Amino acid sequence: MRRFAAVLLDMDGTLVDSDAAVERAWLAWAAEAGVPAELILPRMHGSPAPTTIRAVCPALDDDAVDLAAARQLQLQYADLDDVVATPGAARLLVALKELDLPWAVVTSADRRLAAARLGAAGIDPPLLVTVEDTAHGKPAPDPYLAAAARLGVAPGDCLVVEDSQPGIDAGHAAGATVAALRGLDADIRLGDLGDLADLLLAAG
């Protein structure tokens with residue numbers, strides 16, 4: 001572990017445990033839309049809603065995708081049950097403060113949903129980059145490039161922390177070092193965010 005200029009954290013599944021809420025919303029949307037659950041299950045984490053909807057409903061035009069995505073978001077806005085900080089998140093935030101290390105949350109959620117989930121988890125990031133802030137969401141590098149630019153650091157000097165393949169791909173495409181949770185393959189593998197706190201503190 002080397003020293004980094006900034007840490008860029010995904011939200012859902014990384015900093016905030018919202019898995020159950022995300023899955024409930026997607027399964028409810030799929031039932032309404034007549035999309036088989038087995039199609040949506042592998043795609044419900046990591047990408048903006050329009051990207052996922054286009055993947056499972058390729059016949060929809062842009063207007064229909066926008067309407068479907070708006071409905072899916074409405075289902076998510078209404079469900080903050082059991083949304084909490086992930087294991088080790090509190091330790092990591094203390095370590096970032098101790099190290100005076102800039103950090104941001106970079107999410108495929110919109111600002112309303114991100115603010116609601118971060119609030120439910122008791123987390124107030126110094127910088128929040130949402131799907132509304134860039135033309136292209138994950139797995140494109142745009143969200144992480146935007147976060148690095150707003151923090152005034154080079155993307156190559158950033159550590160991206162992710163829990164999904166689209167997010168990992170976005171971090172790598174931005175030129176950042178990527179740490180991954182959930183046993184996914186990246187430059188650094190983490191059991192939880194407490195592991196990252198220990199590594200950052202050891203690197204000074």
Side-chain angles (χ1 to χ4, degrees), residues 8-89 105-118 120-121 129-132 134 136-144 160-173 178-186 189-193:
L8 310 179
L9 294 143
D10 173 55
M11 183 179 73
D12 291 311
T14 297
L15 194 57
V16 174
D17 182 357
S18 55
D19 285 1
V22 169
E23 290 164 13
R24 285 192 297 266
W26 273 114
L27 290 173
W29 175 86
E32 290 181 3
V35 173
E38 59 268 22
L39 282 183
I40 204 71
L41 284 169
R43 296 180 170 91
M44 57 177 61
H45 296 288
S47 296
T51 302
T52 301
I53 290 165
R54 285 191 178 93
V56 298
C57 299
L60 295 183
D61 63 21
D62 287 347
D63 288 342
V65 168
D66 289 344
L67 283 173
R71 172 56 184 157
Q72 203 280 332
L73 280 171
Q74 285 295 330
L75 291 166
Q76 294 198 57
Y77 295 148
D79 189 350
L80 293 175
D81 291 346
D82 52 41
V83 173
V84 295
T86 55
V105 171
V106 183
T107 177
S108 294
D110 69 3
R111 191 160 294 272
R112 175 181 169 185
L113 183 59
R117 286 189 176 152
L118 289 165
V129 175
T130 73
V131 70
E132 297 155 313
T134 59
H136 304 286
K138 304 171 189 178
D142 304 38
Y144 284 117
V160 163
V161 188
E162 275 283 355
D163 75 310
S164 72
Q165 196 60 52
I168 292 169
D169 292 344
H172 279 148
V178 180
L181 297 156
R182 300 183 190 265
L184 293 173
D185 191 26
R189 290 190 180 190
L190 302 171
D192 63 27
L193 293 182

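Side chains are part of it too, since the values below use all heavy atoms of this structure and drop only hydrogens, waters and symmetry mates. What you see is a predicted model; the values in this text were computed from it and never measured.
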Open item on the list: How close do S18 and V83 get, counting heavy atoms only, and between which atoms?
Closed with: CB-CG2, 4.2 Å
- [ ] Please examine the side chains of K138 and V106, heavy atoms only from C-beta on, and report whether any two atoms are closer than 4.5 Å.
- [x] yes
TODO: Kindly compute the distance separating CZ (R189) from CG (L181), expressed to the nearest 0.5 Å.
DONE: 11.5 Å
Task: Shortest non-hydrogen contact between A109 and T107, atoms and distance - done: N-OG1, 2.9 Å
- [ ] Starting from the C-alpha separation in whole Å, work towards a yes-or-no answer on side chain to side chain contact (heavy atoms under 4.5 Å, CB included) for R117 and V22.
- [x] CA-CA 11 Å; R117 286 189 176 152; V22 169; 3.6 Å; yes
- [ ] Kindly state each residue pair satisfying salt bridge (charged side-chain N to carboxylate O under 4.0 Å, His left out) with at least one member in residues 48-68, sequence neighbours excluded.
- [x] R54-D62
Open item on the list: Using the rule given for side chain to side chain contact (heavy atoms under 4.5 Å, CB included), can you reason through D12 versus H45, listing the C-alpha separation, both sets of side-chain angles and the distance that settles it, and then say yes or no?
Closed with: CA-CA 8 Å; D12 291 311; H45 296 288; 5.8 Å; no
Task: Nearest non-hydrogen partners of A180 and A186, listed with the distance - done: CB-CB, 3.6 Å
TODO: Give the minimum heavy-atom separation between P143 and H136, together with the two atoms involved.
DONE: CD-O, 3.5 Å
Open item on the list: Let me confirm one number: the CG-SG distance from L39 to C57, rounded to the nearest 0.5 Å.
Closed with: 8.5 Å
TODO: Would you list the pairs meeting ring pair (Phe, Tyr, Trp, His ring centres under 6.0 Å) in which at least one residue belongs to residues 15-44, sequence neighbours left out?
DONE: W26-W29
Task: Beyond-backbone contact of Y144 with T134, side-chain heavy atoms, under 4.5 angstrom - done: no
Task: Listed once per pair and sorted, the salt bridge (charged side-chain N to carboxylate O under 4.0 Å, His left out) pairs that draw on residues 14-27, sequence neighbours left out - done: D19-R182, R24-D79, R24-D82
Open item on the list: With a 4.5 Å cut-off on side-chain heavy atoms, are L27 and L41 touching?
Closed with: yes
- [ ] Say whether, by atom type as modelled, one donor and one acceptor occur between the side chain of T86 and the main chain of T14 under 3.5 angstrom.
- [x] yes
Open item on the list: Do D185 and I168 have side chains that approach each other closer than 4.5 Å (heavy atoms only, starting at C-beta)?
Closed with: no
Task: Nearest atoms (heavy-atom pairs only) where P166 meets S47 - done: CG-OG, 3.5 Å
Task: Listed once per pair and sorted, the salt bridge (charged side-chain N to carboxylate O under 4.0 Å, His left out) pairs that draw on residues 29-42, sequence neighbours left out - done: E32-R71
Task: Inter- and intrachain pairs under salt bridge (charged side-chain N to carboxylate O under 4.0 Å, His left out), touching residues 39-49, at least two apart - done: none
Task: Gap between atom CG of L15 and atom CG of D10 - 0.5 Å precision - done: 8.5 Å
Open item on the list: Checking D110 now: which residues fulfil side-chain contact (heavy atoms from CB on, under 4.5 Å) with it, not counting sequence neighbours?
Closed with: L73, Y77, R112, L113, V131, E132
Task: Heavy-atom closest pair, residues D163 and G13 - done: OD2-CA, 3.3 Å
